[in-house]
Enquirer: 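Let me begin by handing over the structure; questions about it come next.
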Number of protein chains: 2
Amino acid sequence: MVTSLARPSRRKKGRERRDPDATRRALLEAGARLFPEKGFDGVSVEDLATRAGINKALISYHFGGKRGLYVAVLESAFVEMAERLRTVEDGAPDAREGLHLFLRAFEDMTRGRPDFPALFLREAVSTGIHPAVLPHLLSIMRVTRRLAERGHREGLFRRVDPVLFHFALVGALGFFFATEPARRRAAPHVPFKQPTAQAFIHHLEEMTVRGLAPEASSETKKKSKKRKGARS
Amino acid sequence: MVTSLARPSRRKKGRERRDPDATRRALLEAGARLFPEKGFDGVSVEDLATRAGINKALISYHFGGKRGLYVAVLESAFVEMAERLRTVEDGAPDAREGLHLFLRAFEDMTRGRPDFPALFLREAVSTGIHPAVLPHLLSIMRVTRRLAERGHREGLFRRVDPVLFHFALVGALGFFFATEPARRRAAPHVPFKQPTAQAFIHHLEEMTVRGLAPEASSETKKKSKKRKGARS
DNA sequence: GTCTATAGGCTGATAGAC
DNA sequence: GTCTATCAGCCTATAGAC
């Protein structure tokens, strides 16, 4: 868990019937499941309470209302995502491998939180970026930016605008995974077989590595360092 | 206009006060503006009627309810989009140029219907693809598929899975344009300057052309035709 | 075809008992 | 902390006058 402390808040004398943290967690989980699927307006507090197995009044008590719960869900998802992607940078010997790990991390994340991309896309499309998640979004953008810059420093990538690079890469990823359930539902009425996440990731990696290859692509890779601190 | 006939339904004896087609059009336009921004659940029939300058009862009369109007909006947008992109194929001397025109057409479209990408993303993420729009979606996918296949035939592109190619390209495009309003709103609180649509399109084109370049990239391009009818 | 008026359901929030 | 009961507001759809 990310947002709440790990230990279950020691109970003082056994007076309380249940663990209040469990209630919060159940609500967060219900929100994480329902909001991405139906959107904020598509989910009622009744839905959330039922799914969490608690009373709907507790949403207001713990999160100050439906919107509060929504923001908490959003934030916890972004925190986890940003953490996950940030670790990528440590384990990579070079930018080429860093890109590979980044894509793998994204794919892995969609296993644990398969509907996070949808949550993210909805957020970006409707309300706009909520102030609470902006720092984590920027943190993710910093990862891709460092990847692009490092690759250029290492002579593996040509110089590209890191912001454009980020939106092209993350946009394709987010879109693919957010629309995955829709594809699966449409599968019977469609004349092509479902692309797997693995195949897509591989395609994207291939396109990116080739797309970023320096102008003169010879066998020896790390040869020229060129101007080091050059910035436009 | 696309969905309705061009001529304004000849009036028989001047009995009617107004043109009913005008009502339909006003509602479609109101929907095209409001649904992408707030989502289906986020818009009330009152909102729609007010924006269209007509009475809310007319939504049920003309479209059989709010959902009916939504589907009509969706369909008209997809029809226009698919038409627009299909023309790309005619004017292109080769696949390389076809890709360029495809991206340009997409960008142009976002000028006339700036919120279509958001509408599309919402649709794909939530309800799933509506049966009414599926044919047009497939029509768009056929354009990208032909582009990929033609490029390979012409010796300009290496062989890639057209479905993966489609989702990577259109995903990045859709994401970028759908999130454009969110970026603009977040601009003051963000440490980088706004990427322009033009720059993004250029980046994407560059990445795609390089990413699709055949293995052996020599000067002469259209030299080897290889096996022609080979399909897996 | 267009309008007004209204029905009937569901929504999110909260007061108050335990 | 958790629950029950309840409220006021908004929602979509429609009957019926014009």
Enquirer: Should the pair B:F176 and B:F200 be assigned to parallel (<30°), tilted (30 to 60°) or perpendicular (>60°) ring geometry?
Expert: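 Because their plane-to-plane angle is under 30°, the rings of B:F176 and B:F200 count as parallel.
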Enquirer: So, for A:F63 and A:Y70, is the gap between ring centers shorter than 6.0 Å?
Expert: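 Between A:F63 and A:Y70, the centre distance exceeds or equals 6.0 Å.
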Enquirer: The side chain of B:P20 lies closest to which of these nucleotides: D:dC3, C:dG1, C:dA13?
Expert: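 Selected nucleotide: C:dG1.
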Enquirer: Looking at side-chain heavy atoms only, is the closest gap between B:F165 and B:M141 below 4.5 Å?
Expert: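 Not in contact.
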Enquirer: Tell me: CG of B:L69 to C1' of D:dT12, nearest whole Å?
Expert: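 So the CG-C1' distance, B:L69 to D:dT12, works out to 13 Å.
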Enquirer: Please state whether the phosphate of C:dG1, meaning OP1 or OP2, lies under 4.0 angstrom from any side-chain nitrogen or oxygen of B:T23.
Expert: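 It does not, given that no N or O in the side chain of B:T23 lies less than 4.0 Å from OP1 or OP2 of C:dG1.
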Enquirer: Look at the side chain of A:A57 and decide which nucleotide, out of C:dC3, C:dT14, D:dT14, has an atom nearest to it.
Expert: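 Selected nucleotide: C:dT14.
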Enquirer: Let me know the distance between CZ of A:R25 and P of D:dG1, rounded to the nearest Å.
Expert: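 Going from A:R25 (CZ) to D:dG1 (P), I get 14 Å.
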Enquirer: So that I can tick it off, tell me whether B:E29 and B:R33 are bridged by a salt bridge, with the cut-off set at under 4.0 angstrom between side-chain N and carboxylate O.
Expert: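 Salt bridge between B:R33 and B:E29, a charged N being under 4.0 Å from a carboxylate O: no.
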Enquirer: Between B:K66 (side chain) and B:F40 (backbone), is there a donor-acceptor pair under 3.5 Å?
Expert: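 Pair found, side chain donor or acceptor close to backbone of B:F40.
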Enquirer: Nearest whole angstrom, please: distance from the C1' of D:dG16 to the CG of B:L58.
Expert: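 Rounding to the nearest Å, CG of B:L58 and C1' of D:dG16 are 15 Å apart.
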Enquirer: Can you tell me the distance, in whole Å, between the CG atom of B:L27 and the P atom of C:dC3?
Expert: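 In whole Å, C:dC3 P lies 10 Å from B:L27 CG.
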Enquirer: From the list C:dG12, D:dT2, C:dT4, which nucleotide is the closest neighbour of the side chain of A:Y61?
Expert: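 Between C:dG12, D:dT2, C:dT4, the one nearest the side chain of A:Y61 would be D:dT2.
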Enquirer: Taking only the side-chain heavy atoms of B:K56 (C-beta and beyond), determine which of D:dT2, D:dT12, C:dT2 contains the nearest atom.
Expert: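 Of the options given, the side chain of B:K56 lies nearest D:dT12.
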Enquirer: Rounding to a whole Å, what distance do you find between A:I59:CD1 and D:dG1:P?
Expert: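 So the CD1-P distance, A:I59 to D:dG1, works out to 17 Å.
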Enquirer: Using a heavy-atom cut-off of 4.0 Å across all strands, would you classify A:S44 as base, sugar-phosphate, or nothing?
Expert: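 Here A:S44 touches the backbone only, sparing every base.
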Enquirer: Of all the choices, C:dG12, D:dC3, C:dT14, which nucleotide is nearest to the side chain of A:I54 once you look at every atom?
Expert: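 Closest nucleotide among those given: D:dC3.
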Enquirer: Report the nucleotide, chosen from C:dC3, D:dC3, C:dA13, that has the shortest atom-to-atom distance to any side-chain atom of A:K66.
Expert: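 It is C:dA13.
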Enquirer: May I have the distance from A:E46 (atom CD) to D:dT4 (atom P), rounded to whole angstrom?
Expert: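 To the nearest whole Å, that distance equals 11 Å.
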Enquirer: Looking at the side chain of B:H62, which of C:dT14, D:dA13, C:dT2 is the nearest nucleotide?
Expert: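 The nucleotide sitting nearest to the side chain is C:dT2.
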Enquirer: Rounded to whole Å, please give me the gap between CZ in B:R67 and C1' in D:dT12.
Expert: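 Answer to the nearest Å: 13 Å.
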Enquirer: Could you give the CG-to-P distance, from B:N55 to C:dG1, as a whole number of Å?
Expert: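 Computing the B:N55:CG to C:dG1:P distance gives 16 Å.
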